[in-house]
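Below is one structure; the comments refer to it alone.
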Amino acid sequence: MQLKNTSLVTAVAVALGTMGSVSTAMAQERAFQLPRIDVVGQTEAERARIPAAVNVLTQEDVDRIQPRSTEDLLRRVPGVYIKGEEESAVVTNFGVRGIPAGDFKTLVLEDGVPVQPGIFIGNSRYYNPRVQRMEGVEVLKGASSLRYGPNNIGGVINFQTRMPEDGVSVRGKVGSWNTQEVVAELGGSSPSGDSRFGIIATRAESDGWMDKGYTMTDVMVRAGTAIGEDQYISAKFVYYDNEANISYRGLFEDAYKAGKTFNPAPDDYYLTSRTSFDVNHEWQINRDAELRTLVYWSEMDRGYWRQEGNDTKRVDGVTVWNLEDTFRGAVREFERIGVDSRLTLNHEAFGINNEAEFGIRYMEEEMLDIDARKTPFALRYDTTHQSELREDRTLSASNVGLFAQNRFDVTSDLSITAGLRTERYKVEREDRKRADNDGSFSDSHFLPGIGATYRLNPSAQLFGGIHRAMAPPQVANALDPDLVSDPEKSTNIEIGVRGATGSMRYEVAAFNMDFSNYVEPGISAIADPKEGDARIRGVEGAVGYDFGNGFMLDGNFTWIPTAEFRSGIPEKGVDAGNRLSYSPEWMGNLTLAYYTGPLEAALLVNYTGEVYGEARNRKEIDPENHRDGLLSSYYTVDLTGQYAVNQQFSVFGAIKNLTDERYISGLRQGIYVGPERSFELGAKYRF
C-alpha cells in the first residue's frame, strides 16, 4: 500500500480549520468529481481528522498491483486476510484483524452503498464487486466505523468506482488459462464541466485455474450534474452477470500431494446476476451546513447447482469424489431498497470549533430461498422441472439506523469525537412448506463510541478510541429457540500513531476486540453466552519510503498473537484458548516499485501465516469432513510492469506467483489450491 508523501502538520492544520474553507474547496471541485459517499475522504486533511486507523488504495496502487479481483487489492491492506477459493473471487472471503475469513462481521460498501446481499436475512458473501471498474478502496477501522453499520465489528470496506475521462478507451488483456478480458470506457462532460457521463463495460472469460472457468459481464453507467451553485446530483446503474464453474468441493489430500490440478466437481456451477441503481444528492446549504442523501436499490439472483454424492473412489491412483446423477440447487433471490441521509454542521458550542454529523438510514431486504433436487442430469439448471422441492420460503427485514457524533476541537492539537449509533430491525420468515416454521423477531441496540487525535509534533499524531460494535444474528439462529437470537457484539479498543517525516510515511496501531455471543463460522451460536466469549489482540503497521531516484518501498505487517475463545464450546470440541479459524498470527506485504519516464515496474511480496481450518484446531487435515486442519504459511511474489508508449497507447503485464509456490489457500469439502504461476499481458488505447 502506498502512503502519500504529504506533511502531516499541513494535513492536521487543514483538518482543524473551519468547515467553510473545506466546503469552498469541495464546491470548486464539483465539476470534476461526482458526488458519492467516501468513508475516509479524498484528502490527507480528511484522513488526519479520523481518530482511527485508515488505509486507502488509490488508482496508482490499482495500476501497480494489476489485480484480478477486489481480493487482490484487499490482501495488500494491513490487517486483511484472504481465504482464496478461486482466482476471480466471485464471492467475498476475507477477514479483518483476526476475524475469521468468510464471516459476516465487516461491512462492505461500494461508493457508500451496501453490496452484501443479505445483511439481516442471509449470507453476505454471495456478491463481490468487480475490480475492473474500481479506482481504489478505503478501509476504515476503529471508533470511526460507527458512522456506518451494522456488521461493523471489523470495520468498513468501501470500494470506489472510477469515473471515465472524456473520450473513449479500450483495454484488452490475455493470460494464462485462456483468460480474455476487454474493458471499454466512454466518458463525456458538458462545456462548463458541471455535468458528466460515463460508461465502463467489461466482458471477461477464462477456463480458470484448475478448470474453474467463468464468463462474466459487468456494465456500469454513471452520470451527474450540478443544480445551481450549491447542489449536485449523480446516479449510477450497474448490471452484472457471471457463470462460474466453481464448487464447495476441493481436492483430497493425496491428490494435492501428487500435484493434481483437476476440477474436483466439473459440473458444479455458481450462477449470479445483479442489477443496482443508486442516486446521490449533495446540498451545500451554507458555509457551515451540508446535507447528503443516498437512495439505493438492488436485486440479485444466485443459483448454486451442486452435483450430489459424498462417497469417494480411486481414479489414476488418487481419491476423487464419486458424484451421483442428481443435482441440488440452492436458488436465492434478493431485493434491497434503502435511503441514507447525513447532515453535517459546523458550530462553535462551548466556545470551540465543533463539527456535528447526524444520520438516518432506512432499509428493507427480502430473500426468496428455494432448495431443489433435480434429476436427470440434463435438467439441473431448469427451474421448471423439480423432482423435489426441499425449501420454499421468504425472509424479509426492515431496519432503521440512527447516528450522531460531534467532534470537539479542544485545542489546535487535540480533537475528541463522541458518537452514538442505534440499530433497530425486524426479521420475518414465511415458510411455504412448513407453516410451523414461520416466525419473526425484532431487536434494537445502542452502540456508543469515543475517539481522539492529538498532534505530538509536526511529524507524529496520536489517535485512539473505544466503541461498541455489532453484527446482527443470522436468521436461522435467531428464529431457532435452541440457538442464541442476540447479535454478536464486541468492545473494540484501538490506539496508534501516524505521521510523515521527510520521505517517510508511517502508521502503527494496536487493537483489542472483546466479543460477547461470538459465533464461529461453521459452528452454531454459543448456547450460554458470556461476556468475552472470544478475544482478539494485535498490532498492524504500514511504512513507505520514497528514495527520490525512481525507487519507492512500501511495506506493512500484521501481528495477532491472540485470537482465541475465552470460553469454549465443549459439545463442539472447541476448548477455551483455541485459536479462531482462518486467523493468522502473522501477515505482511512488501512492494518495491521503480519509475523512470513512461516505465513503471513493481515487485510485490505477500506473506500469510499458518491458520486453522476450524476452531477445533486439529493439526492434520480431517479425512472425514475435510474442513479442519492446520494450513501452512506461504508467500507469493508478483511482478508487474506498465509502459506508456505515448499519451494514447500503453501496454502492461504481470507474472503472478512468480516463484510458483504451491500452497493450500483454504478448506471446505476438500483442499482449495492457490493458483500456480501465471501471466497476463494487455494494452490500452485511448481514442
Side-chain angles (χ1 to χ4, degrees), residues 11-30 33 35-52 54 112 138 140 142-149 152 156 158 226-234 279-295 338-362 400-423 446-453 463 465 467:
V12 175
V14 175
L16 297 179
T18 64
M19 183 64 183
S21 63
V22 175
S23 301
T24 302
M26 291 171 58
Q28 293 172 345
E29 294 176 359
R30 285 308 173 219
Q33 177 67 55
R36 70 178 182 193
I37 302 297
D38 293 324
V39 303
V40 173
Q42 294 291 311
T43 67
E44 294 288 348
E46 291 174 300
R47 298 169 196 173
R49 293 148 65 98
I50 297 175
V54 294
E138 304 172 299
L140 178 63
S144 291
S145 62
L146 264 184
R147 296 174 63 220
Y148 305 91
N152 58 359
V156 181
N158 185 41
I227 307 174
E229 296 182 355
D230 56 8
Q231 296 189 59
Y232 312 90
I233 190 169
S234 68
V279 177
N280 263 290
H281 177 262
E282 291 186 15
W283 180 19
Q284 200 69 47
I285 302 172
N286 56 45
R287 286 173 55 90
D288 298 321
E290 182 185 61
L291 179 65
R292 296 187 174 203
T293 301
L294 170 65
V295 180
V339 58
D340 188 321
S341 191
R342 298 169 182 268
L343 176 65
T344 303
L345 298 173
N346 182 60
H347 62 97
E348 295 183 353
F350 314 109
I352 60 175
N353 291 331
N354 294 259
E355 183 184 84
E357 182 179 357
F358 305 93
I360 182 171
R361 183 198 63 238
Y362 179 76
V400 176
L402 301 174
F403 169 76
Q405 80 168 21
N406 193 86
R407 192 187 78 248
F408 305 88
D409 295 336
V410 182
T411 70
S412 60
D413 295 324
L414 173 65
S415 294
I416 299 175
T417 303
L420 175 67
R421 167 171 286 278
T422 68
E423 294 283 357
F446 296 86
L447 308 168
I450 188 169
T453 61
F463 62 86
H467 75 287

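Quantities reported herein were computed from a predicted structural model and do not represent experimental measurements.
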*With N152, which residues qualify under side-chain hydrogen bond (donor to acceptor under 3.5 Å, both in side chains), at least two apart?*
none
*Excluding sequence neighbours, so at least two apart, what forms salt bridge (Lys or Arg N to Asp or Glu O under 4.0 Å) with R147?*
E357
*Should V40 and I50 be marked as a side chain to side chain contact (heavy atoms under 4.5 Å, CB included) after you check the CA-CA gap, both sets of side-chain angles, and the distance that decides it?*
CA-CA 8 Å; V40 173; I50 297 175; 4.0 Å; yes
*First locate atom CG of N280, then atom CG of L294, and finally report the distance between them rounded to the nearest 0.5 Å.*
4.5 Å
*Rounded to the nearest 0.5 Å, how far does OG1 of T453 lie from CZ of F463?*
10.0 Å
*asked:* Could you check whether E46 pairs with R49 (Lys NZ or Arg NE/NH1/NH2 to Asp/Glu carboxylate O, under 4.0 Å)?
replied: no
*Just by modelled atom types, is the G112 backbone N or O under 3.5 Å from a matching donor or acceptor in the N158 side chain?*
yes
*Taking side chain to side chain contact (heavy atoms under 4.5 Å, CB included) as the test, write out the residues that go with I360, two or more places apart.*
S341, L402
_Are T344 and E355 packed together at the side-chain level, in the sense that at least one heavy-atom pair is separated by less than 4.5 angstrom?_
yes
*Which residues pass the side chain to side chain contact (heavy atoms under 4.5 Å, CB included) test with T417, sequence neighbours left out?*
P51, Q405, R407
*Which atom names give the shortest non-hydrogen contact between S145 and G142, and what distance separates them?*
OG-O, 2.7 Å
*Report the residues that fulfil side-chain hydrogen bond (donor to acceptor under 3.5 Å, both in side chains) with R361, sequence neighbours left out, ordered by chain and then residue number.*
N399, E423
*Within a strict 4.5 Å, meaning less than it, do heavy atoms of the E138 and D38 side chains meet?*
yes
*Please name the pair of heavy atoms, one in L146 and one in F403, separated by the smallest distance, quoted to 0.1 Å.*
O-CD1, 3.5 Å
*asked:* Once side chain to side chain contact (heavy atoms under 4.5 Å, CB included) is applied, do any residues pair with A143, and if so which ones, sequence neighbours excluded?
replied: H467
*side-chain hydrogen bond (donor to acceptor under 3.5 Å, both in side chains) with D340: which residues, sequence neighbours excluded?*
R342
_Minimum-distance pair of heavy atoms, taken over all atoms of T411 and L414_ = OG1-N, 3.0 Å
*Considering residues at least two apart in sequence or located in another chain, which fulfil the side-chain hydrogen bond (donor to acceptor under 3.5 Å, both in side chains) criterion with N406?*
H347, N354
*Can you measure from CG (L291) to CH2 (W283) and round to the nearest 0.5 angstrom?*
7.0 Å
*Any L345 side-chain heavy atom under 4.5 Å of F358 side chain*: yes
*Quick one: pull up CZ in R292 and NE2 in H281 and give me the separation to the nearest 0.5 Å.*
12.0 Å
_Where E229 and Y232 come nearest, the two heavy atoms and their spacing_ = O-OH, 3.3 Å
_Close side-chain approach of Y148 to I37, heavy-atom, < 4.5 Å_ = yes
*For E348, which residues count as a side chain to side chain contact (heavy atoms under 4.5 Å, CB included) partner, sequence neighbours excluded?*
N353
